[in-house]
Structure formats: structure tokens, C-alpha cells
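Here's the structure, in C-alpha cells; my notes come after.
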Amino acid sequence: MFYIVGQKQGRFAMNHFPIFVALEGRRVLVAGGGEAAVAKLRLLLKTTAHITVVAPQIDPVIEGWAREGRVTVIRRAQEPGDALCCVLAYAAHEDEALDARTVRLSAADGALVNVVDNLLASQFITPAIVDRDPVTVAIGTEGAAPVLARKIKADLEARLPAQLGLLARIAKTFRRAAEALPMGAARRRFWAAYYEDAGPRAAEQGDEAIRPALEDLLADHLSADARPGHVDLVGAGPGDPELLTLKARKALDAADVVIHDRLVAPEILELARREATIIDAGKEGFGPSTAQGDINALMVEHGLQGTHVVRLKAGDPTVFGRLDEEIEALEAAGLAWSIVPGITAASAAVASIGQSLTKRGRNGSVRFLTGHDMKGFADQDWRALAQPGEVAAIYMGKRAARWMQGRLLMHGAAPATPVTVVENASRADQRTIDATLATLPEALDGVSGPALLLHGLAPRAAAATLAQSEIAL
Ligand code: SAH
């Protein structure tokens with residue numbers, strides 16, 4: 001993933017860096033001649049490496065491979081120099097002392113050493129692989145969860161079509177031809193259509209149908225008018241990636257460019273296509289209106305290049321998201337757009353306190369308010385909201401809290417009206433503060449993340465205690 005602004009927020013260091021090592025014509029040493037060696041050799045024999053097995057005792061299976069000329073056998077214990085010019089060496093004695101000796105000797109000879117089934121003693125580890133040559137999927141858990149790795153492998157084995165390797169090999173011979181399409185989005189669309197649809201369909205009719213299908217597909221794509229870009233205005237939800245809609249997920253999978261707000265969680269950006277350009281259009285609160293103009297310009301600029309743009313907005317894009325201004329800019333530029341709804345902060349906040357936004361006999365309507373508008377603190381129908389039982393979800397309410405408190409009290413609201421503050425709703429650092437209208441401004445001290453105020457609602461547990469004490473009175 002390519003970030004223009006902002007940094008990838010890796011919290012855990014990757015201890016094993018995945019790479020694919022070219023083994024053609026290179027030497028690999030396997031020290032040990034038993035079952036563990038046989039298992040490693042089965043994998044290594046998929047390559048064209050020159051493989052040497054060194055061990056006093058050699059399993060008959062390995063003897064067979066030696067007779068076929070596929071491995072070289074040295075029938076003695078490993079000696080210094082055996083691993084010279086080897087890229088990799090495997091210690092496969094299933095014996096700690098012998099393996100330790102192999103590590104020492106091979107490292108001295110300059111090879112990277114793996115000790116079978118011993119993560120800590122190994123300089124490199126071999127991942128679980130799904131083989132659709134030339135497509136190889138490597139799965140590693142840094143030794144933490146081999147069972148999980150096996151499950152992922154099984155899932156992928158089931159999901160990746162058996163002809164994937166064949167499709168990729170034929171594609172390789174077609175790369176030149178495909179260069180007739182302009183580089184970038186157009187070419188990507190072509191290859192996506194091949195792998196996802198045209199290729200597998202052709203393969204069902206037989207291998208020889210694949211190349212003609214590619215030719216037809218290319219002709220289609222060349223003749224199609226350069227497609228105009230498309231902008232999806234996508235709700236990223238309140239922060240928990242599991243609260244993304246499937247549509248949002250798909251849009252992120254397909255996006256060439258993702259333009260996101262400051263509030264969109266890094267875990268969600270991680271889900272974007274790896275090659276996607278990620279642009280942070282974050283702006284503080286209701287910042288200067290020029291910033292919005294810049295965002296509009298960015299969307300239009302990328303959209304007009306024919307790319308698939310995802311404009312990723314916190315929560316639901318239709319709630320306090322300046323959506324109309326963005327749509328007007330897209331329409332003025334003649335770009336197609338669509339809205340993908342998201343879960344708004346109010347829904348996540350109210351869920352976190354086990355309450356319902358509406359309730360029979362309590363409130364038959366609910367207000368979504370903003371504490372700020374373009375002119376500053378936003379005026380609202382305070383008289384109506386001050387009535388008992390009324391519920392409002394207040395967005396951007398932190399700075400306006402004291403002012404709103406004054407307005408509501410002036411219009412007759414009870415100082416004991418519950419107001420629950422939910423900070424970072426649905427995120428790992430979610431926090432709820434059980435306040436009242438009287439204590440609200442103080443309750444907000446130290447709240448630094450995005451916060452939603454639920455006017456008229458206390459957390460369910462607190463509400464129950466309150467009801468109890470009222471009965472006691
Ligand atoms: N479109 C967004 C709202 C954008 S306005 C939505 O539908 O949720 C930004 C305000 O939303 C913040 O000031 C805060 O009040 C609220 N907000 C957004 N994400 C939040 C979260 N995870 N927890 C609490 N409040 C949040």
C-alpha cells in the first residue's frame with residue numbers, strides 16, 4: 001500500500017520477513033537422512049536447486065531420489081565445507097545435538113540454516129505453501145499458530161482454482177500483447193476480468209480455449225471507450241473493521257485511490273488493495289472551507305483519470321459528512337458516483353451502552369444534532385429537546401458542551417437528565433462516561449478522542465440502578 005500522507009501504523013515488529021529465494025542452479029544442503037529430511041526434500045524437489053543430502057544413514061526414499069539423479073547423497077556425518085556455496089541448509093536429524101552441529105558448521109560455511117521444527121534455533125523458516133505454480137501463497141505465523149496456518153492453507157486450497165497456475169502461465173506469454181492497453185487502471189481491469197471471469201470460464205472448456213479468450217477479452221477492452229472514473233462515497237463505520245459493510249469491503253478491494261478522513265481507523269485502511277494510493281484528507285473538526293475544496297479537487301482529479309476512487313468517510317457518509325458538497329463537485333465534473341452507507345457513530349455508541357435509540361412510551365423520535373455548524377455553535381430546538389424522555393445523539397459536541405448545557409437548562413431541562421459520553425465508540429480504546437446535564441462539561445475533561453453525547457440515555461446498568469433507587473424513595 002502506498003501512503004502519500006501519514007504512516008502505516010505497525011504495532012508489532014515482524015520478526016520473519018517473507019521473501020521468495022531463487023534456487024535455480026543454487027545449492028541446498030539437507031543434513032539428516034530420516035523422515036524429517038524426506039518431508040523437507042519433498043518440498044525442495046519442487047525447485048531446480050542442486051540438493052545434497054548428508055547423513056550416515058539414508059532413508060530408502062532418498063536413495064530412490066539419488067538413483068534418479070534428483071539429489072546427491074553423501075553417506076557420512078556433515079563436515080566443514082559441506083555447506084560451502086549453499087544458500088540454504090536444513091538441519092533435519094531430529095536430534096538436538098546433531099542439529100546444533102549442523103547449525104554451527106553450515107553457518108561457518110555461509111549458509112542460512114533452518115532447524116526442522118525448531119523456530120528458535122532457525123535463521124529462516126519455511127512457510128506453509130499453497131502451490132499453483134507460478135502462483136505460490138506462503139503462510140507464516142512466526143511459529144505462533146501452526147494449526148491456524150494449516151486451516152488458512154486448507155481454505156486457500158479450496159478457494160484458488162486448480163487452473164490458476166495455468167492461467168498465470170498463459171498470462172505471462174500475453175503480457176506484451178496486453179501492453180496495448182494504457183498502463184495503470186485499464187490494464188488492471190483487463191487482468192482482473194481475465195482471472196476472475198474470462199480465464200476460469202475458458203479453462204472449463206479446455207486449456208486451448210484460454211489463449212483465444214484472452215485475445216477476445218483484450219479486443220473488448222481496447223474497443224471499449226476509455227471508461228470514465230467512478231467515485232464511491234463510502235461509510236467506514238465508527239472504527240471497528242467488523243462494522244464495515246460488505247459493500248464497503250468490496251469497494252476497498254477494488255479501489256485505485258482511497259481518499260480518507262482523519263477519523264477513519266488505520267485497521268480499515270489496511271484493508272485497501274495493496275497497490276491503492278492512500279490519501280489522508282484529514283482535517284480538524286469543521287476546518288476552513290478551503291480544505292473541503294481541496295478534497296473535492298482531489299476526488300475530481302483522480303476520477304477524471306479513469307480510476308476507481310473510494311472517498312472513505314467516518315461513520316455514515318450522509319451524517320454530518322459534507323456529502324452534498326462532494327456530490328455537487330463530482331456532478332459538475334461529470335463523474336459517476338454512488339453512496340455506500342455505513343454505521344454511524346450514534347448506532348455504535350448506543351449499542352455500547354446497551355440502550356436503544358427509540359423506545360415505546362419513552363421517545364418516538366430521535367435527533368441527530370451537531371454541536372457545531374459553519375457559523376460556530378449550532379442552534380437547535382432546545383425547548384423540544386428539554387422535554388423529559390427526549391433522546392438526541394450529539395456529534396461534535398465536545399467544545400459546545402457548556403453552551404448546550406446552558407441552552408437546555410434555560411429551556412427547562414432537568415439538571416439530572418442523563419447524558420452519556422461515548423469516546424472512540426467501537427474501538428479498542430472505547431470509553432463511556434456516565435454523566436448528567438449538570439455534570440457534562442466537567443465529565444468531558446480529558447476526553448481527547450472523537451466522542452458522541454447521548455442526551456437522555458444512561459448506560460443500561462446505571463439506568464436500572466437509578467430506577468431502583470427511585471422506587472426505594
Ligand atoms: N459521518 C460520521 C460523523 C462525522 S462528524 C458518522 O456518521 O459517524 C464527526 C463526529 O462524529 C465526531 O466529532 C464525533 O462526535 C462523532 N464520531 C465519529 N466517530 C466516532 C466514534 N468512533 N466514537 C464516538 N464518536 C464518533
Side-chain angles (χ1 to χ4, degrees), residues 232-245 247-248 251 258-269 280-289 291-292 295 310-327 339-355 357 366-374 376-378 380 391-405 419-435 440-441 443-444 446-457 459:
D232 287 324
L233 302 148
V234 178
D240 178 353
E242 297 210 357
L243 292 178
L244 277 172
T245 64
K247 271 204 172 166
V258 178
I259 304 174
H260 69 92
D261 283 346
R262 183 178 53 94
L263 277 182
V264 174
E267 296 89 325
I268 288 173
L269 296 174
D280 181 355
K283 52 183 169 41
E284 281 291 323
F286 270 39
S289 55
Q292 186 61 50
I295 296 173
V310 163
R311 169 71 177 113
L312 194 60
K313 299 163 84 70
D316 181 88
T318 74
V319 178
F320 303 125
R322 293 188 161 201
L323 187 66
D324 296 81
E325 294 164 52
E326 298 189 357
I327 291 175
I339 299 175
V340 178
I343 291 184
T344 191
S347 302
V350 81
S352 78
I353 62 164
Q355 287 288 15
L357 278 176
V366 57
R367 292 176 173 77
F368 283 18
L369 307 183
T370 171
H372 271 86
D373 62 15
M374 272 140 74
F377 294 160
Q380 309 285 358
V391 171
I394 304 173
Y395 292 72
M396 292 171 279
K398 274 191 296 187
R399 267 187 291 157
R402 192 171 289 281
W403 181 78
M404 288 190 293
Q405 177 199 45
V419 181
T420 306
V421 179
V422 184
E423 183 187 14
N424 292 313
S426 89
R427 301 176 187 219
D429 48 0
Q430 168 179 295
R431 184 159 70 116
T432 56
I433 303 165
D434 182 3
L440 179 63
L444 283 167
V447 173
S448 55
L452 196 108
L453 316 184
L454 291 167
H455 171 98
L457 291 177

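Whatever order the structure lists ligands and atoms in, that order sets their numbers, starting from 1.
Applying the 4.0 Å criterion to heavy atoms of Leu452 picks out, from ligand 1, the atoms 24 (C), 25 (N). Close contacts of ligand 1 with Ala314, meaning ligand atoms under 4.0 Å from a residue heavy atom, involve 1 (N), 2 (C), 6 (C), 7 (O). Taking a cut-off of under 4.0 Å to the non-hydrogen atoms of Pro450, the atoms of ligand 1 that pass are 20 (C), 23 (N), 24 (C), 25 (N), 26 (C). Of all atoms in ligand 1, numbered sequentially from 1 with element shown, those under 4.0 Å from a heavy atom of Leu263 are 9 (C), 18 (C). Of all atoms in ligand 1, listed by their number and element, those nearer than 4.0 Å to a heavy atom of Phe320 are 4 (C), 5 (S). Contact atoms of ligand 1 toward Arg427: 22 (N) (distance under 4.0 Å to a heavy atom of the residue). Counting the atoms of ligand 1 from 1 in the order shown, those under 4.0 Å from a heavy atom of Thr344 are 6 (C), 7 (O), 8 (O). Interface atoms of ligand 1 facing Tyr395, defined by a heavy-atom separation under 4.0 Å, are 3 (C), 6 (C), 8 (O), 11 (O), 15 (O), 16 (C).
Within the 3.5 Å criterion, the main-chain N or O of Ala425 finds no donor-acceptor partner in the side chain of Ser352. Side chain of Asp261 to backbone of Leu263: no donor-acceptor contact under 3.5 angstrom is found.
The option from Ala346, Gly449, Ala345 that lies nearest to atom 19 (N) of ligand 1, judged by heavy atoms, is Ala345. With distances taken over non-hydrogen atoms, the option nearest atom 5 (S) of ligand 1 out of Glu423, Arg399, Met396 is Met396. Residue nearest to atom 25 (N) of ligand 1, selected from Ala425, Ala451, Gly371: Ala451 (by heavy-atom distance).
With contacts defined as side-chain heavy-atom distances shorter than 4.5 Å, the pair Ser426/Glu242 does not qualify. Taking the side chain as every heavy atom from C-beta outward, Ile327 and Ile339 approach each other to under 4.5 Å.
When all heavy atoms are compared, the tightest approach of Arg311 to His260 is NH1-C, 3.8 Å. Annotation for Leu452 and Ala345: closest pair CD1-CB, 3.8 Å, computed over non-hydrogen atoms.
Considering backbone and side-chain N/O atoms, Val319 comes within less than 3.5 Å of an N/O atom of ligand 1.
With a 4.0 Å cut-off on non-hydrogen atoms, Lys398 does not touch ligand 1 at all. When non-hydrogen atoms are compared, ligand 1 lies under 4.0 Å from the backbone of Val422 (N, CA, C, O) but not from its side chain. Contacts of Ala349 with ligand 1, taken as heavy-atom pairs under 4.0 Å, are absent altogether.
The closest approach between any non-hydrogen atom of Gly239 and ligand 1 is not below 4.0 Å. At a 4.0 Å cut-off, not a single heavy atom of Lys313 sits close enough to ligand 1 to count as contact.
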